[in-house]
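Worksheet: the structure to be examined is printed underneath.
Every chain is numbered from 1 and lettered A, B, ... according to where its sequence line falls, protein lines coming before strand lines.
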Amino acid sequence: MSIGLFEQEILRREAMAELRKLGIDPYPPEAFEVNVNAQDIKDNYERDKTSYKNISFAGRIMSRRIMGSASFAELQDSTGRIQAYINRDEICPGEDKTLYNTVFKKLLDIGDFIGVKGYVFTTKTGEISIHVSEMTILSKSLKPLPIVKRDDEGHVYDGFTDPEMRYRQRYVDLTVNPEFKHIFMNRSKVINTMRNYFDSQGWMEVETPILQPVHGGAAARPFETHHNTLDMPLFLRIANELYLKRLIVAGFDGVYEFGKMFRNEGMDRTHNPEFTAMEIYVAYKDYIWMMAMVEECLEKVALAVHGSSKVKVADQEIEFAGPYEKLSMYDSIKKYTGIDVSAMDESALRQTCKDLKIEIDPTMGRGKLIDEIFSKKVEEHLIQPTYITDYPIEMTPLAKKHRSKEGLVERFELFVMGKEIANAYTELNDPIDQRERLEDQLLLAGRGDEEAMAMDEDFLRALEYGMPPTSGLGIGIDRLVMLMTNQSTIQEVLFFPQMRPEKKAKLPSLEDFIAIGVPAEWVPVIQKMGFNTVEELKAANPNKVFNDLGGMRKKMKLEITMPQKEVVMEWFS
RNA sequence: GAUUUGGUAGCUCAGCUGGUAGAGCAUAACACUUUUAAUGUUGGGGUCCUGGGUUCGAAUCCCAGCCAGAUCACCA
């Protein structure tokens, strides 16, 4: 493996070997005690200089400026960067200057982790720096990091910007572009704020199955897998709603879960196959109560992340303090199209879609047609937080029928910046009604609707034992984080967004070469010489190959044993 | 899935109407005791994404494929 690399990586491996020869372990096992971080020094040193006279700091070397027997290096820890001043005669007080001349100047590289002890001071040019008196190598970096340079105004000169590499190698991205860490720190803050709020209300965090025999609770195509011992198919959950409701049946007054959901559908900048949802169910409440709860919750989140209920997103300023605007689904369509769809039957809706130039297909029922009109004509207008309420019953098999409006259910969705952020119901707890509604879904499935909800007999049995009136809410955490961190793609708020596998260099199998007697460590050399298959190698002149192997060994400074000539000749026999 | 843009050194990118590859940073060597995008001098470093085709000759033109981004469609 080590030979597909080139000079910089070979040099670093040599430096690592040199360190070992000098008796320095490039990967020491001992803990290195740290008593300060970069942010702390920068924030507090000027005020309190006496506290920084004996510090111990650890981080990565991110740049070096060597000037003879004095040097500057930028060290980066989890909180930021701080400059270190290293003077030869200070870290090497005796005759032996090896630690500076050889170890620091020759054997250390950008990316290495080191620990330093010393004191904080301000340089002539006014930079708060660490004056190093002792230096310890903590971990050697064998691959060169991309170098990102910034000037005083913060201009970036050689940015590490390729999104493919940033997502595939997030460890490199966050090392050289540490500003992106704030997105993930804020993501954590969003989740913790919600969790603290729920806990303070006395609701309980729970975990429910990810592997489910029936994929219920939402409309989406699932990932399917198989359990060997039970010899049965299982689905990765597309939702956890039905399990959380079982817990309300079981007698908990409030339960919530943050968890990954999995949907086997398209990927784009707002969809990843696995994503995080938060669902919460509270007994003895309805969807009107839930609206107020959401307003309180999101305001707390905005305050935690930004210190303000107002959040800048793209070119808008979003106000997360409630109350939010409320608009029924029918009214919203009327508002933005001028059309009253409330009394239309399926064929009238089809005509309306045609008039509005909205594509439809024959499998769509009344609910889906209305949803199409809504998503094409209304969603984009909903910039400030807006509740869309009272959905047609056909679209929502798990919500309770509206207390006063025929044909509707008690449901709301919260839209911000034209995107759905939350979805909530007064939950359907009438087991007879629930069974009928799921049976209607089966009819839709029969019409070819791949997303119609499946029947879940055990869930119906739970309802038959009795579920208290309950309101439930789901929030898409990734999209909420996108809003709170002003990001336009979901990949930027996921550490490891889903990617196609990296293409592998099309190398023939190691085994083929080993089979004809080539030592494993020489296979990469042969490949580097241009022989990609055993056949190509055998077609070459054996003497030339033998000579070239020696040449490559020297050129690439390989420390592996040269094979005997007779051995090489046998490769060709 | 459709359209479109891109894939060249470790990183960011040049490379015209086809003539066998360049810069900056990084890296190596030398100089330099307070620099900060350090500087100066001198080097090394490439399967130009892959596979076909056209051509005397392809990083460049054509076709197919792979990966990624954007837009759209689908999907909450």
Inset, instruction - Please state whether the base of B/U35 and the side chain of A/Thr123 form at least one donor-acceptor pair under 3.5 Å? - result: yes
Inset, instruction - Report the distance from atom CE of A/Met165 to atom P of B/G69, rounded to the nearest whole Å. - result: 13 Å
Legend entry - Presence of donor-acceptor pair under 3.5 Å, side chain of A/Gln83 and base of B/U35: yes
Legend entry - Interatomic distance at P, B/A58 relative to B/G53, whole Å: 11 Å
At a cut-off of 3.5 Å, list every protein nitrogen or oxygen paired with a nitrogen or oxygen from nucleotides 70-72 of chain B, distance to 0.1 Å.
| from | atom 1 | to | atom 2 | distance (Å) |
| --- | --- | --- | --- | --- |
| B/U71 | OP1 | A/Arg269 | NH1 | 2.4 |
| B/U71 | OP2 | A/Arg269 | NH1 | 3.1 |

Inset, instruction - Describe the nucleic acid contact of A/Asp371 in one word from base, sugar-phosphate, nothing, applying a heavy-atom distance below 4.0 Å. - result: nothing
Legend entry - All side chain to side chain contact (heavy atoms under 4.5 Å, CB included) counterparts of A/Lys419, not counting sequence neighbours: A/Thr270
Legend entry - N-O pairing of A/Lys245 and A/Glu427 below 4.0 Å: yes
Legend entry - Sub-6.0 Å ring centroid separation between A/Phe57 and A/Tyr52: no
Legend entry - Rounded distance in Å between the C1' positions of B/G52 and B/A28: 40 Å
Legend entry - Separation of B/U35 C1' from A/Asn87 CG (nearest whole Å): 13 Å
Legend entry - C1' atoms of B/A38 and B/A26, separation to the nearest Å: 15 Å
Inset, instruction - State, without any angle test, whether A/Thr276 and A/Arg187 hold a side-chain donor-acceptor pair at a distance under 3.5 Å. - result: yes
Inset, instruction - Establish, for the pair A/Arg170 and A/Phe180, whether the NZ or CZ atom is under 6.0 angstrom from the six-membered ring centre and no further than 45 degrees off its axis. - result: no
Legend entry - Check: A/Arg65/A/Gln83 side-chain N/O donor and acceptor closer than 3.5 Å: yes
Legend entry - C1' gap between B/U55 and B/G19, integer Å: 12 Å
Inset, instruction - Say whether, by atom type as modelled, one donor and one acceptor occur between the side chain of A/Thr396 and the main chain of A/Leu398 under 3.5 angstrom. - result: no
Inset, instruction - Could you identify which residues of residues 63-75 of chain A place a heavy atom less than 4.0 Å from some atom of RNA chain B, listed by residue number, or say none? - result: A/Arg65, A/Ile66, A/Met67, A/Gly68, A/Ser69, A/Ala70, A/Phe72
Inset, instruction - Tell me, yes or no, whether the heavy-atom count around A/Lys53 atom NZ, taken from other residues, nucleotides or ligands under 6.0 Å, exceeds 12. - result: no
Legend entry - Nearest-angstrom distance, P atom, B/U39 to B/G45: 24 Å
Legend entry - Note: A/Glu492-A/Arg166 ion pair, threshold 4.0 Å (strictly below): yes
Inset, instruction - Between B/U8 and B/U33, how far apart are the C1' atoms? Round to whole Å, please. - result: 42 Å
Inset, instruction - Check whether any side-chain N or O of A/Lys149 sits under 4.0 Å from OP1 or OP2 of B/G24, and answer yes or no. - result: no
Inset, instruction - Describe the nucleic acid contact of A/Lys106 in one word from base, sugar-phosphate, nothing, applying a heavy-atom distance below 4.0 Å. - result: sugar-phosphate
Legend entry - Gap in Å between the two C1' atoms, one belonging to B/G15 and one to B/A64, rounded: 26 Å
Legend entry - Inter-nucleotide P distance (B/C63, B/U5), Å rounded: 12 Å
